[in-house]
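Data first, discussion second: the structure below is written as structure tokens.
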Amino acid sequence: MGGIFMDASRHALFVASAALMGLALAVAPGIAEEATIPGIQGADHATLLPSGVPVTTSGVVTGVFGKGFFLQALIPDGNARTSDGLYVFLPNPDTFPAIEAGQVLKVTGRPVEFKPFPELPIQRTRKVVTCGTTDVTEVPSNDRDKFLPITELTDVSAIEVLGTAELPPPVDLLPPGARIPIASADAPNTPFDPNHHPRDYFETLEGMRVRIPDAVAVSRKEDGWDAFWVATAGNLATDEVSASGLPLEREDHVFPEVIQVHKADGQPRLALVPGTKLGDLTGVLTYENGNYMVVLDQKIDPAHLQAPTPAPQLPLSPGVRIASYNTKNLSAVDPVARFQAIAKQIVTELGAPDIIALQEIQDDDGKAITSVVTAGKTLGLLVNAISAAGGPTYKVIALDPILPNTDGGEPGGNIRTAFLLKEGTPVTPGMTERLFDGADRCTDQNAFKFTRKPLLLEAAIAGQPYVLVNLHLSSKLGDDGLYLAVEDPQQPSTADRWRQVEALLAELERRYRPTGARIILMGDFNDVAGSESLKPLFDSAFRFTSAPDSRGPKFKFSHAHNGVRTAIDHFMISAGVPADVVKQVIYLDVNVDAADQVSDHNPIVLVLD
């Protein structure tokens, strides 16, 4: 188990009170059928028992969590298709004396399949604004509708303490695909198959004690967060990790070996950076916010953590530098420290580029839902912060939305793209235009309805004409995750981005000759280069290519989702740009895997000769 846990004994916190032994904790139950926990769970995602009929079952308490506790059979049934644990829901825990891990209980309640309510950061309601107005309504979130249910006992009428027992030994987590690539979490219209489907495998361990051997943190954890993502280090193959040894998205693998964990009860404040070695972790497997999750049963001692070794950095080459930087909803109402942190990265890590393409710049009053659409104050504060950090003076090249709430993002924020141009640089700006911002901006005919409008800049770079387009395509909000109630997850946002790419290509072809045109697309594409949505770029007359990181594919990532790194920010370069002009492309991992994250995206720097 290593030395990272504060408690010398894994059961030190869970000793039952002898005074409670044999004491009934509620009124005598009514007539109830006897049932084992595996019999209640059944060999599928839902119990086969009728929800209106109470049952009596017994087991040992393995942990207290939320408004209830986990109960696991003392003697497993030997069937790998059924779980030996379940959750007991106590909405009014004061009705019963305290429940503690290690107690052997007989419990009477009603078996149900319950879809957990969303927990933060997922909100249970969301604001919806009418395009082009400040009219807002609050509607229920539909996230819960897609969640898988968990089997639990509710309407508990009686609990009897029978004694105490050692906690059952944990089962090592080893889902299908943990050691060889697997392209999906389930297969549509197929029987329950925990040997081949990760989604079914986790169901067979729902409510049971599990172990994650030799765990490594694969996501950040700020000290105020309850949950983060880990994996068994030995299950991460060399061809599916970044240069720092962390999960890196690949088309044929969904990373079932990466699992969310929830801090143990009483865990002191703890911040983690990806790559931190944690030793063996144990806890109880459950389900929350559309993902399976292990609730840890032991506290992590920060004094015994092994810090990761940073990946080597490559110095930026001399030349004309263009950077793409997603500022994560930067607004004039943000703390001064946030502007200072971004400015410091721009000056030190990015080397004060000649051109900076910014995404997610909010208006001057942030997320307040008003008629304010200007961002001059937001951008001015950033320019001043760069100068105060020892950087050069930048000129702002930006155009505000004409109407509020036409560009998506956080309601009221009016996020947009913008350019910063360094004074004294060998770049001469020309015409600037917000594309697709005409009278049809709020109609379904506009591919960029409720999406950031592309900002086009014509410029002469070292005497050569270029067309620069700063993009932020539709997000993946609303796409299905791996572990939902559907066996065949759908990605409806792909069609939205595909339509935007097609519209952009048509507009570029209308304006510029494909042969010889030096066009560079940059920004947050919200998809990987090999996706269906971005395929038209490579098949077009402009023959765009996605610029690779100069150090190799293990360095190319700009974002992380559920512990897996992915490249959704890009430089797309047309065939009209001579190959020998592109000197270097670097994805700077200054945010995704950093202890102090300024944005949730890594910036990219392109160097032209």
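Qualifying salt bridge (charged side-chain N to carboxylate O under 4.0 Å, His left out) partners for Arg81, counting only residues two or more places apart in sequence or in other chains: none. Every residue two or more places apart in sequence or in another chain was checked for a ring pair (Phe, Tyr, Trp, His ring centres under 6.0 Å) with Tyr201, and none qualifies. Glu288 is linked by a side chain to side chain contact (heavy atoms under 4.5 Å, CB included) to Phe65, Glu119, Met293, counting only residues two or more places apart in sequence or in another chain. Annotation: side chain to side chain contact (heavy atoms under 4.5 Å, CB included) contacts of Ala271 (sequence neighbours excluded): Asp223.
Looking at Thr545 and Met572, their side chains never come closer than 4.5 Å, going by heavy atoms from C-beta outward. The shortest side-chain heavy-atom distance between Ser83 and Thr204 does not fall under the 4.5 Å cut-off. Between Asp297 and Val284, every side-chain heavy-atom pair lies at or beyond the 4.5 Å cut-off. Side chains of His570 and Leu521 form no contact here, defined as non-hydrogen atoms less than 4.5 Å apart.
In this structure, the separation between OG on Ser493 and CH2 on Trp498 is 14.5 Å, given to the nearest 0.5 Å. To the nearest 0.5 Å, atoms OG1 (Thr566) and CG (Asp527) are separated by 8.0 Å. The CD atom of Glu166 sits 11.0 Å away from the CG atom of Leu74 when rounded to the nearest 0.5 Å. For the atom pair Ile212 CD1 and Leu296 CG, the distance stands at 6.5 Å (nearest 0.5 Å). His253 NE2 to Glu240 CD: the interatomic distance, rounded to the nearest 0.5 Å, is 4.0 Å.
Neither side chain, Gln267 nor Asp265, offers a donor N or O lying under 3.5 Å from an acceptor on the other. In this structure, a donor-acceptor pair under 3.5 Å is absent between the side chains of Asn591 and Asn602. For the residue pair His601 / Gln597, no side-chain donor-acceptor distance below 3.5 Å is found, with atom types taken as modelled. Under the 3.5 Å distance criterion, with hydrogens and angles disregarded, a donor-acceptor pair is assigned to the side chains of Ser546 and Lys556. Between Ser558 and Asp569, the side chains place a donor N or O and an acceptor N or O closer than 3.5 Å (distance only, hydrogens not considered). Side-chain contact of Gln72 with Thr62: a donor-acceptor pair under 3.5 Å is absent, judged by distance alone. Under 3.5 Å, the side chains of Ser51 and Glu113 contain no donor-acceptor pair of N or O atoms. Ser533 and Thr494 share no donor-acceptor pair across their side chains, judged by distance under 3.5 Å alone. With hydrogens and angles left out, the side-chain atoms of Glu33 and Thr56 include no donor and acceptor closer than 3.5 Å.
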side-chain contact (heavy atoms from CB on, under 4.5 Å) evaluation trace for Asn526 with Ser475: CA-CA 6 Å; Asn526 266 313; Ser475 75; 4.0 Å; yes
From CA spacing to verdict: salt bridge (Lys or Arg N to Asp or Glu O under 4.0 Å), Lys146, Asp480: CA-CA 8 Å; Lys146 295 183 178 182; Asp480 292 338; 2.9 Å; yes
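Taking the ring axis of Phe117 as reference, the NZ or CZ atom of Arg144 stays within 45° of it and closer than 6.0 Å to the ring centre.
Contact between Pro168 and Val60 at its shortest, heavy atoms only, is CD-CG1, 3.5 Å. Closest heavy-atom contact between Phe89 and Glu152: CB-OE2, 3.6 Å. The nearest pair of heavy atoms linking Ser474 to Thr451 is OG-OG1, 3.0 Å. Of all the heavy atoms in Pro111 and Pro50, the pair that sits closest is CG-O, 4.0 Å. Between Leu484 and Gly290 the shortest heavy-atom distance is CD2-CA, 4.0 Å.
Under the ring-ring contact (aromatic ring centres under 6.0 Å, His included) criterion, the residue pairs touching residues 270-290 are Tyr287-Tyr292, with sequence neighbours excluded.
Aromatic pair Tyr87/Phe70: centroids less than 6.0 angstrom apart. Under the 6.0 Å cut-off for aromatic ring centres, His559 and Phe557 do not qualify, their centroids lying 6.0 Å or more apart.
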Only pairs under 3.5 Å count here: list side-chain donor-acceptor contacts from residues 226-236, not counting sequence neighbours, and write none if there are none.
unit_1, atom_1, unit_2, atom_2, d
Asp226, OD1, Lys263, NZ, 3.1
Thr232, OG1, Pro213, O, 2.9
Asn235, OD1, Arg179, NE, 3.0

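Counting heavy atoms of neighbouring residues, nucleotides and ligands inside a 6.0 Å radius, atom CG of Asn189 does not exceed 12 of them.
Note on Asp593 versus Arg565: salt bridge recorded, some NZ/NE/NH1/NH2 to OD/OE distance being below 4.0 Å.
When atom types are taken as modelled, the side chain of Asp252 and the backbone of Ala183 share no donor-acceptor pair closer than 3.5 angstrom.
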